[in-house]
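First the structure, in the form of structure tokens, and then the observations on it.
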Number of protein chains: 2
Amino acid sequence: MLRLSRKSDYALVALKALRALEPGDALSARELASRFGLPVDLTPKVLARLAQAGLVQATLGKSGGYRLARDADTITVAEVVRILDGDPALAPCREGILECHRIADCDLRNPLDNLQREMMNVLDRMTLANL
Amino acid sequence: MLRLSRKSDYALVALKALRALEPGDALSARELASRFGLPVDLTPKVLARLAQAGLVQATLGKSGGYRLARDADTITVAEVVRILDGDPALAPCREGILECHRIADCDLRNPLDNLQREMMNVLDRMTLANL
DNA sequence: GGAAAGGCGACCAATCTGGTCCGATATTAA
DNA sequence: TTAATATCGGACCAGATTGGTCGCCTTTCC
């Protein structure tokens, strides 16, 4: 637990680069990848997810690329993580795959859910702007 | 990220059960496993790790078992996670395996390290007693 | 001595995830 | 209109991680 997936990591690197752009400029996935040593084929995928989610705006065409679609201080780490890694569940039994054999006397779930909320709050408070 | 490993989950379940014990009593791994539906062969391993770390006291022999070795309010979730999942690193490049190609202009690491510390603080404040 | 407990190491299996390949589509420049 | 460059999306492979099992040993109590 508590390790950023590489995709999320790449996303943060890319977003941070896009943030440093002059208004009106854009960066292609290829450019981002080569500049930061990211996997060439994976970078467009990551950016695409961010574009779907509306964090980033993609412009097609010969001199296209990506730019931020929102202000940097409205983009939180929590959101990025949620987009790329899905909504995390602290307890394994909250993922649907594993059914819990001890539901009856399971007084561990609620505290864990609270704990998770608290941790997501930490991630929510951290925006791209103050990263 | 942000999902408890099953081992950590099992550990918390077991610890919580041990906490409810009368002083002097002990629970065997087998008993814990059957009572909470944990994998029979995995449970002793988890408990052994906790015993090595000094969270739990194991007594050998026919009527042996496990009991808490410390007060419940001195056992934190952070400690349990650290024992079973190792010391987590939020950024992939902080794990030693992956060398970072962008160290020079990587101003992402320090903020992530801070973020990680903050999250560990949350886990540090949560003890077995108030879980 | 036998039964029941923990301790330890090796090993298998399933899952997850990073990463690649390929093709389709859209847009712009020449 | 054509070529180049971009996003988009699905299928797929491979390596790492992790969950889980098996077997053997030591210790303790009856």
Side-chain angles (χ1 to χ4, degrees), chain A residues 1-11 13-14 18 25-34 37-67 69 81 84-86 88-89 92-93 95-98 101, chain B residues 1-11 13-14 18 25-34 37-67 69 81 83-86 88-89 91-93 95-98 101:
Chain A
M1 72 162 297
L2 206 65
R3 184 173 66 246
L4 235 49
S5 76
R6 299 223 177 145
K7 291 180 185 177
S8 293
D9 189 44
Y10 298 157
V13 169
L18 293 183
D25 280 4
L27 266 181
S28 72
R30 210 177 297 268
E31 175 70 14
L32 278 168
S34 78
L38 311 181
V40 176
D41 287 306
L42 190 53
T43 306
K45 288 193 178 306
V46 170
L47 273 298
R49 301 273 288 275
L50 295 178
Q52 284 178 341
L55 267 70
V56 141
Q57 188 186 8
T59 63
L60 292 179
K62 188 164 183 180
S63 55
Y66 293 97
R67 80 198 71 212
V81 168
L84 288 161
D85 298 347
C93 68
E95 299 230 297
I97 304 148
L98 178 71
H101 300 299
Chain B
M1 70 163 301
L2 207 63
R3 185 174 65 246
L4 235 49
S5 76
R6 297 217 181 150
K7 292 181 184 176
S8 294
D9 189 45
Y10 298 158
V13 171
L18 294 184
D25 280 4
L27 265 181
S28 71
R30 210 174 300 265
E31 176 69 15
L32 279 168
S34 79
L38 311 181
V40 177
D41 287 306
L42 190 54
T43 307
K45 290 197 175 305
V46 170
L47 273 296
R49 301 273 289 274
L50 296 178
Q52 284 177 341
L55 266 69
V56 141
Q57 189 186 6
T59 63
L60 293 180
K62 186 167 182 182
S63 57
Y66 295 96
R67 79 198 71 209
V81 168
I83 290 168
L84 289 162
D85 298 349
C93 69
E95 299 231 298
I97 304 147
L98 179 71
H101 300 300

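The sequence lines fix the lettering, A, B, ..., with proteins before strands; numbering per chain opens at 1.
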Run the side chain to side chain contact (heavy atoms under 4.5 Å, CB included) test against A/S8 and tell me which residues pass, sequence neighbours left out. A/L4, A/S5, A/V81, A/L84, A/D85
Between CZ of B/R3 and P of D/dT18 the distance, given in whole Å, is 10 Å
By nearest-nucleotide position on DNA chain C, the 5'-leaning member of B/A29 and A/P39 is B/A29
Rounding to 0.5 Å, atoms OG1 (A/T43) and CG (A/L32) come to a distance of 7.5 Å
Nearest-angstrom distance from the residue atom CZ of A/R6 to C1' of D/dT17: 12 Å
Expected output is a numbered-order residue list: members of residues 44-55 of chain B with a heavy atom under 4.0 Å from any atom of DNA chain C. What is it? B/K45, B/A48, B/Q52
In whole angstroms, the gap separating P of C/dC8 from CG of B/D41 amounts to 16 Å
Any N/O pairs under 3.5 Å between the protein and nucleotides 27-30 of chain D? List them or say none.
| from | atom 1 | to | atom 2 | distance (Å) |
| --- | --- | --- | --- | --- |
| D/dT28 | O2 | B/K62 | N | 3.2 |

Phosphate OP1/OP2 of C/dG18: any A/Y10 side-chain N/O under 4.0 Å: no
Figure out the CG/P separation between B/L4 and D/dT18, and round it to whole Å. 13 Å
Euclidean distance, atom CG of residue A/L42 to atom P of D/dC8 [Å, nearest integer]: 15 Å
Check whether any side-chain nitrogen or oxygen of B/Y66 sits under 4.0 Å from OP1 or OP2 of C/dA5, and answer yes or no. no
If you check every side-chain atom of A/K7, which of C/dT20, D/dG20, C/dG18 has the closest atom? C/dG18
So, is A/R30 near the phosphate of D/dT5, with a side-chain N or O under 4.0 Å from OP1 or OP2? no
In this structure, how many angstroms lie between the P atom of C/dG6 and the CG atom of B/L18, rounded? 11 Å
Got a list of side-chain donor-acceptor pairs under 3.5 Å for residues 54-67 of chain B, not counting sequence neighbours?
| from | atom 1 | to | atom 2 | distance (Å) |
| --- | --- | --- | --- | --- |
| B/T59 | OG1 | B/G65 | N | 3.2 |
| B/T59 | OG1 | B/G65 | O | 3.4 |
| B/R67 | NH1 | B/G24 | O | 3.0 |

Contacts of A/D41 meeting side chain to side chain contact (heavy atoms under 4.5 Å, CB included) (sequence neighbours excluded), chain-then-number -> none
Closest-nucleotide mapping onto DNA chain C: is B/G64 or A/S5 further toward the 5' terminus? I mean the 5' end. B/G64
Atom CZ of A/R67 and atom C1' of D/dA6: how far apart are they, to the nearest Å? 13 Å
Considering non-hydrogen atoms only, spot the tightest contact between A/P39 and A/A33 and give its length. O-CB, 4.3 Å
With a 3.5 Å cut-off and sequence neighbours excluded, list the donor-acceptor pairs that the side chains of residues 45-53 of chain A form with protein atoms.
| from | atom 1 | to | atom 2 | distance (Å) |
| --- | --- | --- | --- | --- |
| A/R49 | NH2 | A/I83 | O | 3.1 |

